[in-house]
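All remarks here apply to the structure that follows.
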Amino acid sequence: MSSCFTDLAQQYIDGEWRPGTGSWDVIDFNPYDDEKLASITVATVDEVDQAYQAAARAQKKWAETNPYTRRAVFERALRLIEDREQEIADLIIAELGGTRVKAGFELHLAKEFLRESIHLALRPEGKILPSPTEGKENRVYRVPVGVVGVISPFNFPFLLSLKSVAPALALGNAVVLKPHQNTPIAGGTLLAKIFEEAGLPGGLLNVVVTDIAEIGDAFLEHPVPKVISFTGSDKVGRHVATVCARHFKRSVLELGGNSALVVLDDADLDYAVDAAVFSRFVHQGQVCMAANRVLVDASVADEFTEKFVAKVRSLKVGDPRDPETVIGPVINSAQANAISGTVEQALAEGATALVRGSTTNNLVEPTVLTGVPADSALLRQEVFGPVVFLVPFDGEEEAVRIVNDTPYGLSGAVHTGDIERGVAFAKRIDTGMFHVNDGTVHDEPIVPFGGEKHSGLGRLNGETTLEAFTTVKWISVQHGRSGFPF
């Protein structure tokens, strides 16, 4: 495994593997045992420019390549992932502390999205539209935007890099990818290696491992990329959107969330408990769609709470390589300290800990809190870790008000014995996605994914990915002769 990391610990620019020339290194650590996995000298502003220029040069020919030919690259990439699935899973476990279940979940989705990209290559369609002018034909072509800049996060790095990179390439664009500093391999150079071996021409996918401390806003401000696809926090997303707007670029933003899982009075409580525990604690709660808040009708709150607490207490915390482990480490010590601070703040505000987990290095045990004051800021913000707030409510009206009382609007779920009651409830929630009788954590290749309010701008997946990474061009043809007023 260590040799795998060492081999991929470089920049990938214009089809070449090379070291960065910055003055410092990104050190890639295993968050569970602090083993040093790799050291990567950061890319400079000049190397970001080289990557974008290479992408611009390669893109024109790629866009003119028959889409059936383009499609074959993604078919080969899928086979490579399938052939090396265990190796990639081990890499995910080592680099980001994902459990075996989480690594399997991420790889399953990654393969599904790659399959969709195979089809996406053939999806762009043009139109011929009528004109009020005699003899005129209006043709509308759907064309690639050109070059797409992708910035991916640390929580599902392989999937969330692939989710923008593969469709953008399939649609005839070139890409420059900047993975998160904590996951430069799984979120960056691993993809470059897979696509290189799959036969993607050099220059079409470039990976720069670097940091804002080295390059500032150069990745965003560079004149070549026409679209920036960013997945991360709303704080950084706001900055990305501002810079993009200033430079007349399109931004696609998949940001944070503060999702709620709601248990109505007629829910199947055992099933709701299972859904709620998964929705909060999958990948240590480091998921934008995770259920920060679990809202329970007061009439069933005692029974639900007893079962929920018992299940949370049963979750095994420890080495993510152990197949029995459910809760592995969070990504780094700063994250662990932030989670501990959230718990301390809640307790200081008067909350009660039904389960109080301890923190050892980056291993953060689950905490279940209740009695958080209704006006607490904690109920309105994203908590990126294994901490959950149980909130009782009296009736649907109060539940709707509480769920919507947050600046975020990404995902959510409601549990009820009446499906249409659940759908009616879901329609009243200000989110981009909401699920009836299921968990809050879902992503599917052809269903629009994205949020409202501070949870993002734009959508990805299926037709919405087509909109994100292509543009339309109107070409009119006058078959007769136009009349001009002078």
Side-chain angles (χ1 to χ4, degrees), residues 55 58-82 106-127 140-152 156-177 187 191-192 194-201 203-207 225-231 250-254 432-433 442-450 456-473:
Q59 189 270 330
K60 299 296 184 190
K61 184 177 180 181
W62 180 243
E64 293 169 358
T65 301
N66 188 304
Y68 283 89
T69 302
R70 293 204 303 262
R71 187 178 70 167
V73 172
F74 302 94
E75 292 171 337
R76 290 192 292 269
L78 177 60
R79 288 196 294 273
L80 286 168
I81 292 173
E82 290 173 336
E106 180 167 3
L107 278 165
H108 167 73
L109 278 177
K111 290 185 294 180
E112 289 299 318
F113 276 93
L114 201 44
R115 289 186 182 101
E116 172 61 12
S117 293
I118 292 168
H119 299 297
L120 202 62
L122 308 181
R123 291 274 280 282
E125 296 177 348
K127 295 180 180 179
V140 180
Y141 292 84
R142 183 164 289 282
V143 297
V145 294
V147 176
V148 176
V150 177
I151 304 173
S152 63
F156 279 76
F158 187 69
L159 169 65
L160 295 178
S161 292
L162 187 74
K163 187 175 169 180
S164 287
V165 168
L169 290 170
L171 291 165
N173 301 287
V175 174
V176 179
L177 167 63
L191 266 74
I194 288 168
F195 277 107
E196 180 185 52
E197 292 189 22
L200 185 73
L204 287 172
L205 174 59
N206 304 269
V207 177
K226 299 299 186 289
V227 174
I228 301 291
S229 179
F230 170 82
T231 305
R250 187 190 308 171
S251 58
V252 181
L253 308 175
E254 302 291 348
M433 307 174 286
H442 292 284
D443 197 358
E444 296 183 11
I446 64 171
V447 183
F449 182 102
L457 288 173
R459 297 288 188 271
L460 288 177
N461 303 358
E463 291 296 324
T464 56
T465 296
L466 200 64
E467 295 289 338
F469 299 134
T470 63
T471 189
V472 289
K473 184 171 187 175

One pair to check against side chain to side chain contact (heavy atoms under 4.5 Å, CB included): L109 and F158. What are the steps and the verdict?
CA-CA 10 Å; L109 278 177; F158 187 69; over 6 Å; no
Determine the minimum heavy-atom distance between [X] and [Y], stating which atoms define it.
X    : Y    : value
G172 : A63  : O-CB, 3.7 Å
S152 : S161 : OG-OG, 2.7 Å
A192 : L205 : CA-CD2, 3.9 Å
G203 : A58  : C-CB, 3.8 Å
L177 : G187 : CD2-O, 3.3 Å
R70  : L171 : NH2-C, 3.9 Å

Measure from the side-chain N and O atoms of [X] to the backbone N and O of [Y], and report whether any donor-acceptor pair falls under 3.5 Å.
X    : Y    : answer
N173 : V145 : yes
R250 : A468 : yes
E106 : L159 : yes

Pairwise distance [atom1]([X]) to [atom2]([Y]) - rounded to 0.5 angstrom:
X    : Y    : atom1 : atom2 : value
Q59  : L169 : CD    : CG    : 10.0 Å
L78  : I194 : CG    : CD1   : 10.5 Å
F113 : I118 : CZ    : CD1   : 13.5 Å
E64  : K61  : CD    : NZ    : 9.5 Å

Under the side chain to side chain contact (heavy atoms under 4.5 Å, CB included) test, which residues partner [X], sequence neighbours left out?
X    : result
V447 : E444
A166 : F74, L114, S117, L162, F195
R123 : E116, L120, E463, L466

Under the 6.0 Å and 45° cation-pi test, does K163 pair with F449? yes
Is any side-chain heavy atom of [Y] closer than 4.5 Å to one of [X]?
X    : Y    : answer
P124 : Y141 : no
V207 : L191 : no
L122 : P67  : yes
W62  : V73  : yes

Open item on the list: Less than 4.0 angstrom from a charged side-chain N to a carboxylate O is my criterion; do R142 and E467 meet it?
Closed with: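 Here R142 pairs with E467 in a salt bridge, since their nearest N and O are under 4.0 Å apart.
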Salt bridge flag under 4.0 Å for residues R115 and E112: yes
